[in-house]
Amino acid sequence: MKIFPRIVYCSLMMLFIINCSEERYQPLPQTEFFGNHPNINNFESIGEADSEITFSGRVPFGITSDEVFYRYLFRMAVDDSGRVYLNNDRIQVYNPDGSHLRSIGKKGSGPGEFQVIHNYRIKNNKLYVYDALGFRLSIFSLDDFSLEKEIPLQSPKGLRGFGEFHVYQNGNMLAGFERMKKSVSKTVIKPDEYMHYYVIDNEGNLSNTLSYKTTIEGHYAFETDRMRASGQIPHDRTTLMAMDEDDRLYMLWTDDLAIKTYTPDGKALNGIYYPIENAAMQEITTREIIYREIEEAYPTSYPAVKSFLVDDKGHIWVATIPENQEKYNWLVLNDTGEILATFSLPRNKMIYVVKNNHAYTIEIGENREYKAYSYNISWQK
């Protein structure tokens, strides 16, 4: 049964509440997220999946080596050969069996060096490394890991890039830029923040045309007698973005499971919507000081979605946030939104890449150590 009329009614009521009350900041209604986007597949609820997924054959990366140490891991990449790429102050490359192959670059500002690695992606048999502090993109061949070129990055006026980017098959890049933040001496809350996406060609030329503008986490800043703090509003809703191997773009709004897709040239394709009840916020403990200062903007519930990715077969993997604080519930969808499989994983085990029928994870141990693994994926009807 289609539920779009009910969604429209609820969203209109939400807009009415926002206009009539200033008690709390309200997240963006999903109807505003979709706008005039065509072909929205609205599902009434999360139903039964066609298959079950099991994981086996765990392979560790960078765990037994004494020469490579990871204090934090927040991203990874995998090439077509199954080699795994992780980063500390340089890019570390591992064979599919977990053995260390080599490193790429080092800390510095010279050719092929990185001041800070903000992000990296693999496309077109190349490794693209975004150094936002050095204002450049370094491109390495995956045939011999040599540096092919470095592109100086430009920023639109008043905006700054911090590593959000995707690469097209033609070598152009879709880069995200945020508003530059200023130091403050009073409490400032910006619930409406945006990511501005522009195309940068393979010579570094920045397009004059804004490609996409997405809502992201709000920002706060305050100073008291005891402390000064700033950052993203905890658990605020945001727009996540992914690009598949054929350059299709996927945007997901985290307050619901709401996804819209675009062709490589920016034309709207279709959308997917599942209503998900947001888990209630647990007792505030570690961020009590922040909570007191920005209480009006602090969410009363968690987002519906923590993370998502698109695999090499065009399947959409979504980690949803349940009431259970120890796990994420994962959904695997096809491109029209039909559920292919469901499973749960502990919250300290996050999937970052699914490729060649393997899932690649970053896992956090009891002592806050970060480790990377791959698993074989088995689908069972």
Side-chain angles (χ1 to χ4, degrees), residues 3 6-8 10-19 21-35 37 40 42-43 46 74 162 164 176-179 181 188-197 212-221 230-242 249-262 271-282 284 287 290-291 293-310 316-323 325 328-331 333 337 347 350:
I3 63 167
R6 178 167 65 84
I7 294 172
V8 172
C10 293
S11 299
L12 289 175
M13 288 301 296
M14 184 180 291
L15 287 172
F16 175 79
I17 292 171
I18 291 172
N19 289 331
S21 172
E22 297 181 357
E23 291 184 1
R24 298 196 68 87
Y25 164 64
Q26 297 291 334
L28 177 75
Q30 66 89 12
T31 48
E32 187 174 337
F33 169 74
F34 283 124
H37 206 87
I40 308 300
N42 292 282
F43 295 87
I46 296 174
F74 297 110
F162 291 94
E164 170 65 14
F177 301 89
E178 299 179 46
R179 178 182 61 86
K181 313 297 192 301
V188 174
I189 300 174
K190 295 282 188 180
D192 298 319
E193 292 284 3
Y194 303 96
M195 186 74 74
H196 306 75
Y197 288 91
Y212 304 97
K213 182 179 178 181
T214 65
T215 302
I216 58 174
E217 297 99 331
H219 183 267
Y220 71 87
S230 64
Q232 295 173 337
I233 296 174
H235 312 298
D236 199 10
R237 282 41 171 173
T238 190
T239 306
L240 306 177
M241 182 179 287
L249 202 64
Y250 300 72
M251 297 184 189
L252 183 149
W253 176 239
T254 60
D255 192 49
D256 289 296
L257 203 173
I259 300 172
K260 55 186 178 182
T261 63
Y262 294 87
I272 299 166
Y273 177 77
Y274 279 94
I276 296 180
E277 184 175 354
N278 301 86
M281 186 67 65
Q282 302 297 311
I284 304 297
R287 293 176 173 174
I290 295 175
Y291 176 78
E293 293 295 327
I294 65 169
E295 180 177 359
E296 292 184 359
Y298 211 101
T300 58
S301 64
Y302 293 101
V305 174
K306 174 65 176 180
S307 178
F308 93 116
L309 62 95
V310 181
I316 306 167
W317 297 60
V318 184
T320 65
I321 303 174
E323 293 283 354
Q325 292 292 296
Y328 292 122
N329 291 338
W330 285 81
L331 309 175
L333 314 175
R347 293 201 178 191
M350 180 61 68

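The first residue of the sequence shown is numbered 1, and numbering continues consecutively from there. Since we're looking at a predicted model, the values are computed, not measured.
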Would you name the heavy atoms of [X] and [Y] that are closest together and state the gap between them?
{"X": "K306", "Y": "L240", "answer": "O-CD1, 4.0 Å"}
{"X": "P322", "Y": "A279", "answer": "O-CB, 3.7 Å"}
{"X": "I233", "Y": "P299", "answer": "CG2-CD, 4.0 Å"}
{"X": "P303", "Y": "R237", "answer": "N-NH1, 3.5 Å"}
{"X": "P275", "Y": "F43", "answer": "CD-O, 2.9 Å"}

Open item on the list: A quick test of your reading: do over 12 heavy atoms of other residues, nucleotides or ligands sit less than 6.0 Å from CD of E323?
Closed with: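 Yes, enclosed.
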So how far is it from [X] [atom1] to [Y] [atom2], rounded to the nearest 0.5 Å?
{"X": "I46", "Y": "Y274", "atom1": "CD1", "atom2": "OH", "value": "7.0 Å"}
{"X": "L331", "Y": "W317", "atom1": "CG", "atom2": "CH2", "value": "11.0 Å"}
{"X": "I259", "Y": "T239", "atom1": "CD1", "atom2": "OG1", "value": "12.0 Å"}
{"X": "T254", "Y": "D236", "atom1": "OG1", "atom2": "CG", "value": "8.0 Å"}
{"X": "E277", "Y": "I321", "atom1": "CD", "atom2": "CD1", "value": "13.5 Å"}
{"X": "K260", "Y": "Y250", "atom1": "NZ", "atom2": "OH", "value": "15.0 Å"}

Are [X] and [Y] packed together at the side-chain level, in the sense that at least one heavy-atom pair is separated by less than 4.5 angstrom?
{"X": "F308", "Y": "L257", "value": "no"}
{"X": "E164", "Y": "M241", "value": "yes"}
{"X": "T215", "Y": "F33", "value": "no"}
{"X": "R179", "Y": "E193", "value": "yes"}

Open item on the list: Please check this pair: side chain of D256 against backbone of A304, looking for a donor-acceptor N/O pair closer than 3.5 Å.
Closed with: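 Absent.
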TODO: Let me know which of T238, N278, L252 forms a side-chain contact (heavy atoms from CB on, under 4.5 Å) with V305.
DONE: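 Answer after filtering T238, N278, L252: L252.
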TODO: Determine the interplanar angle of the H37 and F34 rings, folded into 0 to 90°, and report it as parallel if under 30°, tilted if 30 to 60°, perpendicular if over 60°.
DONE: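 Rings of H37 and F34: tilted, 30 to 60°.
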- [ ] Examine Y212 together with Y262 and report whether their ring centres are nearer than 6.0 Å.
- [x]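 Yes, they do, as the ring centres are separated by less than 6.0 Å.
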TODO: Taking the six-membered ring for Trp and the full ring for Phe, Tyr or His, determine whether the centres of H235 and Y302 are under 6.0 Å apart.
DONE: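 H235 vs Y302: aromatic centres under 6.0 Å.
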TODO: Report the C-alpha separation of K213 and M195 in whole Å, then their side-chain angles, then the decisive distance to 0.1 Å, and conclude whether the side-chain contact (heavy atoms from CB on, under 4.5 Å) test is met.
DONE: CA-CA 6 Å; K213 182 179 178 181; M195 186 74 74; over 6 Å; no
